[in-house]
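A short write-up of the structure that comes next.
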Amino acid sequence: MFKYLFKRDTLFATIAVFLVMGMFSFIPINTHFLDPIHLALADFDYNDLAYAKMHKNESTPADTNIVVVNIGYGNRQDLAAMINKVNNQNPKVIGVDVFFKAQKDAVGDSLLLDLFSTNKKIVTAFNFGSDSTKGYFYKQSLSKGYANFVGEEEGVIRQFSPILKEGDQFIAAFAVAVMRKADAKSYNNFIKRKQLTEIINYTRKADKYLVIDGMDLINGKADSSILTNKIVLLGYVSNTVNDIEDKHFTPMNVKYTGKSLPDMNGIFIHANIISMIKDHNYIQKMPIWLMWIIGFVLCWLHMALFIKDYLENHIWFHLLAKIAQIISAVFFVYLGLLCFHQFDLKVNMTATLAAIILAVDVLYFYEAFAIWMHKKNGFKTIFTHKHD
Amino acid sequence: MIKLIKLLSILLLGFGLKTFAADPAFIVFYNSGKATKTVAGKAVVLKKGDHLQSTDQVVIPEKTQLVLVCANFAVVQLKTKGTKELKTLLAQCNQKAVSASSAYFKYVWNSFSHAHKAPEKDPRAYMKTYGAASRGKGSLITKLYVDTIHYYTGALTIAWTPIKTVPSEFYKGAVDGDAVLVGKASKYAKIDSISTKLKPGVYYWDMQGQQSARRKYLKLWTKDAYQAAVTKILNGIVATTPAEKAYLTGFILEEQHFLAEAAKYYHQAVNMAPANQIYVATLTRFKP
């Protein structure tokens with residue numbers, strides 16, 4: 001293999017692989033719909049396996065700085081009563097992860113309006129979009145953040161957009177707006193990252209957050225003193241697995257692909273984002289230039305191996321090449337997963353895998369092209385002796 | 001090889017042309033009388049299986065029902081006397097489902113022509129999912145506060161705004177379970193007529209399609225228990241002027257959720273002092 005590593009043809013064939021990949025990327029049509037594997041695994045990310053199969057973050061301890069208050073089926077008056085109860089305990093911030101689409105009952109609306117327009121500790125959630133879809137209390141709320149995540153509609157929620165510009169002003173995501181009030185230092189640290197989208201580092205499932213029932217809080221059945229100096233989030237928490245109100249697919253879903261039930265309530269996704277910002281525990285992305293360099297080097301090594309088999313062991317070439325491709329695919333996906341699992345580093349191995357898979361086919365083309373060049377212009381190539 | 005490519009091209013062209021072939025827009029399924037179509041100036045009575053194009057006109061005589069089937073098997077019924085242009089009925093037929101071939105090639109074209117985007121580059125296009133529970137979607141607001149109603153007898157109409165015709169659904173459970181009674185679609189719920197179909201007991205209800213946080217509570221009392229409860233409330237009313245006493249009685253009864261009984265006393269107050277706008281406005285809430 002190393003005999004061929006520094007041959008000119010190996011380098012040219014490797015370059016040819018990336019030229020072909022570049023050509024594919026410039027075709028202005030989308031051919032993914034013809035790929036059954038792509039269709040079956042749409043909205044799938046290899047890194048989801050780190051959660052589903054490699055138990056990433058399963059041993060993370062509970063986050064005691066955040067308390068979730070389950071609003072259950074409480075009406076607007078109940079919600080106002082819950083917020084008042086929480087506020088009496090002097091929490092750091094009260095995040096109300098409830099979307100009020102329209103006016104409802106006069107008493108409940110009036111109570112909530114008074115709270116949202118006067119209490120500086122309250123952060124409300126709204127729907128990112130046109131003004132008419134932002135919700136009934138949007139304009140009057142003192143502090144607010146959009147509760148939207150970034151992802152395919154009804155797909156797996158892996159990332160969110162921290163800050164967006166709307167007109168002249170910058171608007172923050174709900175969790176970011178909560179952190180701005182709860183921990184200004186962590187918030188500033190996070191904002192300095194200047195990411196258009198941030199990958200959510202899921203560290204905890206619902207059972208790793210303290211949840212208290214809002215109705216119990218109103219009726220005095222719950223110990224409200226645990227809310228003091230905490231980040232309190234009010235939202236809906238499902239009672240059963242089949243209750244899917246405000247529930248979403250996350251990489252922590254045990255079923256990482258195919259048909260399954262959504263696994264996490266929106267309030268816990270926001271809680272995970274808050275934990276991530278508070279702990280400065282971000283997912284880092286490998287730079288694109290480094291990804292391409294790694295892809296090129298690995299493709300070069302594979303090309304040297306393939307050329308060796310092609311010239312010296314042609315009868316077994318195809319079988320050996322396929323085996324090498326499978327082993328490489330498994331190994332490099334594992335390597336990427338390991339980086340994600342151990343170091344919270346997202347390594348995109350797509351280019352590497354694509355290059356290795358294309359290498360065999362491009363080698364055939366390159367061989368024919370090199371021989372043609374040899375016959376026409378005397379181009380020196382290692383493939384000539386095979387046909388002489 | 002070239003022959004094979006030519007053959008494939010012809011087949012593809014054939015499939016493509018089939019996509020544009022003029023299929024009949026409707027087929028006559030049933031003609032109860034003498035519904036006709038005009039062909040070359042003559043009225044031809046339609047019979048089962050006749051093909052009709054979207055450019056055709058049909059004439060429906062009195063007491064005649066003409067049933068047509070769209071190309072996608074949707075059924076269109078015509079009963080009203082008069083002339084009907086069939087192109088006006090096309091909206092009722094989903095044209096997208098007409099041809100399997102055209103549907104497939106449309107899918108291919110759409111897939112080819114839609115660029116492969118990434119959320120990282122344009123997050124706004126991928127922000128349709130929001131992680132918050134919704135409270136208040138499509139809410140109809142009742143004119144009266146009806147989260148609890150105690151009822152035995154008397155006229156009681158619950159109207160809502162915006163004015164919308166929806167059935168009211170009555171359940172045994174506060175959260176889950178099938179409806180034990182679904183009222184007729186209406187712009188209001190008549191509790192007096194609904195109560196005749198239900199036995200005394202506790203029920204939960206709501207207007208259909210509402211995403212209420214909690215169903216409304218309705219207790220249908222037995223006669224004796226109801227009268228005892230109302231009498232107990234009435235005993236506590238302070239006597240002032242007759243009209244004022246009637247209004248005050250209605251107010252206390254409404255506060256205690258005996259709405260039908262409250263409406264009766266508000267009526268009395270308005271009858272005794274029709275110029276009092278507070279009385280009139282209060283009573284108006286009980287009207288559809």
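Lettering of chains follows the sequences in order, A, B, ..., and the numbering in each one begins at 1.
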Does any backbone or side-chain atom of [X] lie under 4.5 Å from a heavy atom of chain B? Answer side chain, backbone, both or neither.
X: Tyr146(A); value: side chain
X: Ile269(A); value: neither
X: Ile199(A); value: neither

For atom [atom1] of [X], is the number of surrounding heavy atoms from other residues, nucleotides or ligands below 6.0 Å larger than 12?
X: Phe170(B); atom1: CZ; value: yes
X: Ile244(A); atom1: CD1; value: no
X: Leu261(A); atom1: CG; value: yes
X: Tyr138(A); atom1: OH; value: yes
X: Lys134(A); atom1: NZ; value: yes

Hey, does Val150(A) have a side-chain heavy atom less than 4.5 Å from the side chain of Arg124(B)?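 Arg124(B) does not reach Val150(A) side chain to side chain.
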
State, yes or no, whether a side-chain contact exists between Phe149(A) and Met127(B) at a heavy-atom distance under 4.5 Å.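 With C-beta onward as the side chain, the pair stays apart.
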
What distance separates Phe99(A) CZ from Tyr130(B) OH, expressed to the nearest 0.5 Å? 5.0 Å

Rounded to the nearest 0.5 Å, what separation is found between the CG atom of Asn148(A) and the OG1 atom of Thr129(B)?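 It is 8.0 Å, given to the nearest 0.5 Å.
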
Residue selection (most heavy-atom pairs with chain A, distance under 4.5 Å) from Pro123(B), Ala133(B), Gly131(B):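 That would be Gly131(B).
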
Taking every heavy-atom pair that is under 4.5 Å apart, which of Val98(A), Asp97(A), Ile267(A), Thr197(A) has the most such pairs with chain B?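 The option with the most such pairs is Asp97(A).
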
